[in-house]
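Just so you know, these numbers come straight off a predicted model, no measurement behind them.
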Amino acid sequence: MVTNKKININWLVFQAAVIAFVVLWTMTGLEKLIGFGEFQDAIQNQTLPVGISRKLAPLIVFLELLFVPFLLFRKTQKWGLLLSILLMTVFSTYIGLVWMGAFPRVPCSCAGFIESMSWSQHLLFNLAFILLGTLGLMMNTEVES
């Protein structure tokens, strides 16, 4: 009986991580897509080389929206969650560098309610998603063993 509860809790944690990332990527990806011109301008206003910033805006939107179907289908959920954690780690690294003062200016190109967060709050938000995603992957491995 205890084993069934453990499996159910593991499954719930995995599903919570999947759902959280589906909501996040859908919301931010669609908002960036709808306001793509503004998002692209904000990315090009970052302290990045122009060649990179021109390609970065469509790449970010593409990846965020691409990860949603990966997360929705059972066969690809683990990959979707892993890729989501990796992308969130990249975003968090950038935010950490901003927070530490590594860039001369720091325009935010975030979407939705995330835009209103301080850099510290944004970093904590991202770290919470990384933690939830990592726990979800770990729990899923336990369910499958």
Side-chain angles (χ1 to χ4, degrees), residues 5-144:
K5 280 189 178 184
K6 183 178 180 185
I7 290 172
N8 289 336
I9 290 170
N10 291 348
W11 183 84
L12 286 173
V13 171
F14 178 77
Q15 291 304 315
V18 166
I19 290 167
F21 273 111
V22 166
V23 170
L24 179 69
W25 296 144
T26 301
M27 181 197 76
T28 58
L30 287 177
E31 187 164 323
K32 289 171 186 166
L33 185 62
I34 290 167
F36 187 74
E38 290 175 35
F39 176 63
Q40 190 165 31
D41 289 345
I43 290 290
Q44 289 178 346
N45 194 28
Q46 303 290 324
T47 56
L48 300 168
V50 176
I52 292 174
S53 63
R54 281 192 187 132
K55 295 173 184 165
L56 199 56
L59 178 64
I60 290 171
V61 173
F62 174 76
L63 290 175
E64 288 180 352
L65 294 175
L66 174 70
F67 292 172
V68 173
F70 269 73
L71 291 161
L72 290 175
F73 297 103
R74 185 72 186 141
K75 288 184 177 183
T76 56
Q77 279 181 327
K78 280 175 50 176
W79 278 106
L81 198 50
L82 179 61
L83 292 169
S84 295
I85 293 166
L86 290 174
L87 184 60
M88 192 59 80
T89 300
V90 170
F91 291 163
S92 298
T93 301
Y94 174 75
I95 292 167
L97 289 170
V98 166
W99 192 53
M100 292 172 30
F103 302 108
R105 57 189 166 78
V106 289
C108 185
S109 55
C110 309
F113 68 92
I114 298 169
E115 195 170 20
S116 65
M117 292 181 185
S118 71
W119 289 106
S120 299
Q121 291 169 330
H122 195 159
L123 184 59
L124 289 173
F125 177 84
N126 285 16
L127 292 175
F129 266 83
I130 291 169
L131 178 62
L132 178 61
T134 302
L135 285 173
L137 279 179
M138 291 169 47
M139 297 295 194
N140 188 36
T141 301
E142 288 180 22
V143 170
E144 291 179 351

Output for pair (Phe91 CZ, Leu127 CG), nearest 0.5 Å, gives 14.0 Å
Q.
Main chain of Leu71, side chain of Gln77: is a donor-acceptor contact present, judged purely on distance under 3.5 Å?
A. yes
| query | Would the number of heavy atoms belonging to other residues, nucleotides or ligands and lying under 6.0 Å from CZ of Phe62 be above 12? | reply | no
Rounded to the nearest 0.5 Å, the CG atom of Leu56 sits from the CD atom of Gln40 at a distance of 10.0 Å
CG (Leu65) and CG (Leu30) are apart, to the nearest 0.5 Å, by 5.5 Å
N/O donor-acceptor pair under 3.5 Å between Gln121 side chain and Ser118 backbone | yes
Closest non-hydrogen atoms of Asn126 and Ser92, given as atom of the first, atom of the second and distance, are CB-OG, 3.0 Å
Interatomic distance, CG@Asn140 vs CD@Gln15, rounded to 0.5 Å, equals 8.0 Å
Here the gap from Leu59 atom CG to Ile52 atom CD1, rounded to the nearest 0.5 Å, amounts to 11.5 Å
Exercise for the section: Would you indicate whether the side-chain heavy atoms of Met138 and Asn10 approach each other to under 4.5 Å? Expected result: no
* **Residue pair Leu81 / Phe67, side-chain heavy-atom distance below 4.5 Å** => no
CA sep, side-chain torsions, deciding dist, call: Phe39, Ile60, side chain to side chain contact (heavy atoms under 4.5 Å, CB included): CA-CA 10 Å; Phe39 176 63; Ile60 290 171; 4.0 Å; yes
In this structure, CG of Leu63 is separated from CZ of Phe70 (nearest 0.5 Å) by 10.0 Å
**OP:** Evaluate the ring planes of Phe129 and Phe125, with Trp represented by its six-membered ring, and classify them as parallel (under 30°), tilted (30 to 60°) or perpendicular (over 60°).
**Re:** tilted
Across all chains, not counting sequence neighbours, the side-chain contact (heavy atoms from CB on, under 4.5 Å) partners of Leu97 are Thr93, Ala102, Phe103
Any sub-3.5 Å donor-acceptor pair from Ser53's side-chain atoms to Gln44's backbone N or O? no
Looking only at heavy atoms, the pair that brings Met117 and His122 closest together is SD-CA, 3.8 Å
Of all heavy-atom pairs linking Trp99 and Ser120, the shortest is NE1-OG, 2.6 Å
For a quick test of your reading: what N or O donor-acceptor pairs under 3.5 Å do the side chains of residues 17-25 make, sequence neighbours left out?
residue : atom : partner : partner atom : Å
Trp25   : NE1  : Ser84   : OG           : 2.8

